[in-house]
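Values below: every heavy atom of this structure, side chains too, minus hydrogens, waters and symmetry copies.
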Amino acid sequence: MRPAGLEVLAGELEEPCGLVSPSSTVRSITKDLQHSLDLASATSGDKVVTAKENEDEQASSPIGDALGPQRPRSNSGRELTDEEILASVMIKNLDTGEEIPLIQAEEKLPTGINPLTLHIMRRTKEYITNDAAQSDDDDKAQAPLTDSDGGKLKQKTTQLKKFLGKSVKRAKHLAEEYGEKAVNKVKSVRDEVFHNDQDDPSSSDDEGMPYTRPVKFKAAHSFKGPFDFDQVKVVQDLSGEHMGAVWTMKFSHCGRLLATAGQDNVVRIWVLKNAFDYFNNMRIKYNTEGRVSPSPSQESLCSSKSDTDGGMSSVPEDPDSEDKNLPFRQVPFCKYKGHTADLLDLSWSKNYFLLSSSMDKTVRLWHISRRECLCCFQHIDFVTAIAFHPRDDRYFLSGSLDGKLRLWNIPDKKVALWNEVDGQTRLITAANFCQNGKYAVIGTYDGRCIFYDTERLKYHTQIHVRSTRGRNRVGRKITGIEPLPGENKILVTSNDSRIRLYDLRDLSLSMKYKGYVNSSSQIKASFSHDYSFIVSGSEDKYVYIWSTYHDLSKFTSVRRDRNDFWEGIKAHNAVVTSAIFAPHPNLIVPQEAGAEKAGAGADAEWYFSSTGALKTDHTEVLLSADFTGAIKVFINVKKTVTLQ
């Protein structure tokens with residue numbers, strides 16, 4: 001009943017799940033990777049694996065069936081037009097209960113809506129509007145400071161004009177699920193909506209953008225400072241590679257590789273300039289000698305040099321190789337092709353395996369030393385979330401819109417364990433491990449976080465992610481789940497424009513973060529490298545950052561479980577679909593360079609004092625990506641001198 005290798009000792013469960021540090025010793029990494037996936041086991045057996053929980057599913061999901069739904073036909077067999085399809089689908093507004101034809105709903109939907117949301121909307125026949133983000137259980141008694149009766153009337157008049165003038169004209173853009181023609185229409189809407197701010201100095205279309213440029217900064221009205229990110233600067237622009245939206249970005253555990261993926265079906269791997277030789281050498285070495293997969297314990301990342309004069313032919317020359325100040329190579333280290341629809345999630349193992357999940361109903365396994373896909377795991381429906389087991393990367397978790405949570409055994413090429421979500425709406429929209437792999441947790445379309453015992457994948461408990469009253473008392477789609485190691489807490493992002501931190505000891509709400517807009521996207525929040533900050537993209541084109549916990553010396557009369565004190569930075573002209581912190585900022589900003597950029601001088605020394613206390617170290621590196629494919633790299637250095 002129990003998959004081999006998943007037994008976890010009680011004593012080990014108490015250890016925090018830390019990242020693999022570049023300076024980790026061979027012994028510590030070997031202990032952490034007690035059970036590890038290698039290339040031999042990853043590539044043995046079938047190259048394409050189908051989920052086989054029961055024979056009915058196997059029969060109903062042929063491997064080649066990745067084309068999506070066919071265009072509906074009339075009773076006489078004639079294919080329906082876009083207008084007929086959209087007019088026949090009734091959509092319910094979850095906020096008001098109103099039902100209208102899909103052909104009239106276009107103007108009421110948030111701009112920048114992604115294809116997964118459209119697919120779920122079609123399946124559930126429900127939608128929500130942007131104003132859901134402005135209502136909460138604690139907001140009922142407070143009138144917004146910027147709204148007036150006249151402003152509301154003007155807004156309603158504008159909305160009415162838009163509805164009457166444009167809804168019929170542009171509604172057919174929502175038919176993306178019926179083929180490539182409609183997908184192109186969605187892209188045209190994207191171009192129309194997000195390339196009209198030509199005068200905005202922070203436009204993502206600026207060519208020759210000066211690096212280390214300041215960005216537009218804002219903060220909550222009630223937050224008077226001091227701020228942590230008001231000096232953040234853009235240091236690199238990786239735009240121009242992705243064609244269409246970037247839906248997900250993930251750093252490798254070592255912090256030297258960045259995987260990005262989205263609408264153009266391609267996984268791109270970016271590498272830090274100071275690590276290029278190491279990974280290029282790895283690809284040469286392990287492709288010629290056919291060894292098992294390397295791990296961080298086998299060679300030093302810090303001292304590696306290529307033993308070959310020329311790099312691999314698949315790695316293009318870096319056009320900005322002379323500019324030593326750019327942290328990443330300006331061109332991807334490699335591109336992985338094979339998916340046939342939008343990519344939704346990525347997950348790294350500690351020894352450089354990468355999983356990618358897609359709307360083509362597959363999960364693909366890659367390794368940084370190989371060009372080709374190692375294995376393809378076929379599902380029944382879109383795969384919205386994936387995660388390697390944190391202590392045994394021979395296993396990974398996948399969540400799908402078919403309502404099934406699966407724990408896959410990679411070497412055995414099969415589903416080791418699975419379970420199914422109950423309830424009327426069984427769509428899984430997020431998944432991860434928590435408590436260092438003890439529990440698997442999934443998020444659903446109707447706002448539930450459900451926990452399963454990983455050892456047998458049996459139901460354990462659940463949390464209803466919703467407000468106690470107001471418009472958000474109905475659970476919204478869960479878009480992200482992130483564990484907070486060492487504190488038995490998880491960070492949950494949802495489509496009510498709220499981020500919540502839950503204590504797993506009693507399932508209580510520790511903190512609620514708000515200020516950003518996330519009413520329909522798959523935007524997810526995540527932690528900084530030391531877990532002191534939380535970052536998220538937003539539908540209003542900003543990147544939002546909160547302190548994980550209140551500094552009570554700044555705020556004396558605020559609720560300790562509410563955090564409205566956000567800081568926002570703008571460098572995009574489109575919905576910010578993903579924002580993450582780098583797990584090891586010291587790899588990108590050397591400590592001496594950081595001190596110079598901060599203008600700290602002799603007052604701020606970037607080293608440990610004789611007592612072991614760090615005098616100054618508040619360097620953060622974050623990345624953001626948007627609906628047009630633009631990717632920006634930010635560096636924030638703040639002088640914080642601690643007297644000892």
Atom pair SG (Cys254) and CG (Leu272), whose distance is rounded to the nearest 0.5 Å = 8.0 Å
inquiry  = Going by salt bridge (Lys or Arg N to Asp or Glu O under 4.0 Å), name the pairs with one or both residues in residues 572-583, residues two or more places apart or in two chains.
reply    = none
request  = Please name the pair of heavy atoms, one in Ser526 and one in Ala579, separated by the smallest distance, quoted to 0.1 Å.
outcome  = OG-O, 3.7 Å
ask   = Sub-3.5 Å donor-acceptor pair from the side chain of Asn495 to the main-chain atoms of Ser521, do we have one?
value = yes
query = Are Phe333 and Asn280 close enough, and set up right, to give a side chain to side chain contact (heavy atoms under 4.5 Å, CB included), and what steps lead you there?
reply = CA-CA 8 Å; Phe333 178 71; Asn280 194 37; 4.2 Å; yes
ask   = Judged by modelled atom types alone, do Trp366 and Ser356 share a side-chain donor-acceptor pair under 3.5 Å?
value = yes
task = Spell out, as yes or no, whether a donor-acceptor pair under 3.5 Å connects the side chain of Gln236 to the backbone of Phe328.
result = yes
inquiry  = Could you check whether any side-chain heavy atom of Arg500 comes within less than 4.5 Å of a side-chain heavy atom of Leu491, counting everything from C-beta outward?
reply    = no
query = Just by distance, do the side chain of Ser252 and the backbone of Leu257 share a donor-acceptor pair under 3.5 Å?
reply = yes
ask   = Is there a donor-acceptor pair under 3.5 Å between the side chain of Lys632 and the backbone N or O of Ala571?
value = yes
ask   = Taking atom CD1 of Ile442 and atom CD1 of Ile478, what is their separation to the nearest 0.5 Å?
value = 9.5 Å
message = So, taking the atom named OG1 in Thr429 and the one named CD1 in Ile120, what distance separates them when rounded to the nearest 0.5 Å?
response = 6.5 Å
inquiry  = Run Leu509 and Arg562 through side chain to side chain contact (heavy atoms under 4.5 Å, CB included) and show every step you take.
reply    = CA-CA 10 Å; Leu509 179 64; Arg562 297 291 185 271; 3.8 Å; yes
remark   = Shortest non-hydrogen pair, Val441 vs Cys449, comes out as CG2-CB, 4.3 Å
ask   = Can you find a heavy atom in the side chain of Phe388 that is under 4.5 Å from one in the side chain of Leu397?
value = no
query = How about Phe634 and Phe229: are their ring centroids closer than 6.0 Å?
reply = no
request  = Report yes or no: does Lys489 contribute a side-chain atom to a donor-acceptor pair with the main-chain N or O of Gly486 at less than 3.5 Å?
outcome  = no
query = Hey, does Asp561 have a side-chain heavy atom less than 4.5 Å from the side chain of Lys512?
reply = no
inquiry  = Which label fits Trp247 and Phe627: parallel for a plane angle under 30°, tilted from 30 to 60°, or perpendicular past 60°?
reply    = perpendicular
message = Would the distance check show the side chain of Thr479 and the main-chain N or O of Gln522 forming a donor-acceptor pair, the cut-off being under 3.5 Å?
response = no
request  = Assess whether side chain to side chain contact (heavy atoms under 4.5 Å, CB included) is satisfied between Leu116 and Leu118, documenting all intermediate values.
outcome  = CA-CA 5 Å; Leu116 176 64; Leu118 285 170; over 6 Å; no
Contact check, side chains of Ser624 and Ile631, non-hydrogen atoms, under 4.5 Å = no
message = When you compare the side chains of Tyr544 and Lys514, does any donor N or O come within less than 3.5 Å of an acceptor on the partner?
response = no
query = Between Ser358 and Asp342, is there a donor-acceptor pair closer than 3.5 Å when you use the side chain of the first and the backbone of the second?
reply = yes
task = Would you please say whether a donor-acceptor pair under 3.5 Å links the side chains of Glu620 and His529?
result = yes
task = Kindly indicate whether the side chain of Val266, heavy atoms from C-beta on, has any atom under 4.5 Å from the side chain of Lys337.
result = yes
key: Any side-chain heavy-atom pair of Thr628 and Val575 under 4.5 Å   = no
query = Passes ring-ring contact (aromatic ring centres under 6.0 Å, His included), Tyr352 versus Phe279? Steps please.
reply = CA-CA 10 Å; Tyr352 307 120; Phe279 290 107; 5.3 Å; yes
inquiry  = If you apply the rule side chain to side chain contact (heavy atoms under 4.5 Å, CB included), what do you find for Leu622 with Val543, and how did you get there?
reply    = CA-CA 10 Å; Leu622 58 148; Val543 176; 4.1 Å; yes
Shortest non-hydrogen contact from Leu343 toward Ala261 = CB-CB, 3.7 Å
task = Check whether any side-chain heavy atom of Val383 lies under 4.5 Å from a side-chain heavy atom of Leu344, and answer yes or no.
result = no
key: Phe227 and Phe217: CA distance, side-chain angles, deciding distance, ring-ring contact (aromatic ring centres under 6.0 Å, His included) verdict   = CA-CA 10 Å; Phe227 303 114; Phe217 175 86; 5.3 Å; yes
query = With no hydrogens and no angle check, is any side-chain donor or acceptor of Ser497 less than 3.5 Å from a backbone partner on Val517?
reply = no
inquiry  = Given 3.5 Å as the limit, does a donor-acceptor pair link the side chain of Gln263 with the main chain of Gly244, or not?
reply    = no
Minimum heavy-atom distance between Ser494 and Asn518, given as atom pair plus value = O-ND2, 3.3 Å
request  = Could you tell me whether Trp270 and Phe276 have their ring centroids closer than 6.0 angstrom?
outcome  = no
inquiry  = Could you report the tightest heavy-atom contact between Val621 and Val633, atom names first, then the distance?
reply    = CG1-CG1, 4.2 Å
Test item: Tyr531 and Pro485 side chains (from C-beta on) under 4.5 Å apart, heavy atoms = yes
task = Kindly say whether Pro390 contributes a backbone atom to a donor-acceptor pair with the side chain of Lys350 at under 3.5 angstrom?
result = yes
message = One thing to verify: whether Glu241 and Arg268 come together as a salt bridge, which I'm taking to mean a side-chain N less than 4.0 angstrom from a carboxylate O.
response = yes
ask   = To the nearest 0.5 Å, how far apart are CD in Gln435 and CD1 in Ile490?
value = 9.5 Å
inquiry  = Other residues, nucleotides and ligands only: do more than 12 of their heavy atoms fall within 6.0 Å of NZ on Lys335?
reply    = yes
Option among Phe533, Tyr516, Phe565 that satisfies the ring pair (Phe, Tyr, Trp, His ring centres under 6.0 Å) test with Trp546 = Tyr516
key: Gap between atom CG of Asp503 and atom CG of Leu484 - 0.5 Å precision   = 10.0 Å
message = So which atom in Thr260 and which in Val246 form the shortest heavy-atom distance, rounded to 0.1 Å?
response = CB-CG1, 4.4 Å
request  = Kindly compute the distance separating CD (Glu539) from OH (Tyr542), expressed to the nearest 0.5 Å.
outcome  = 15.5 Å
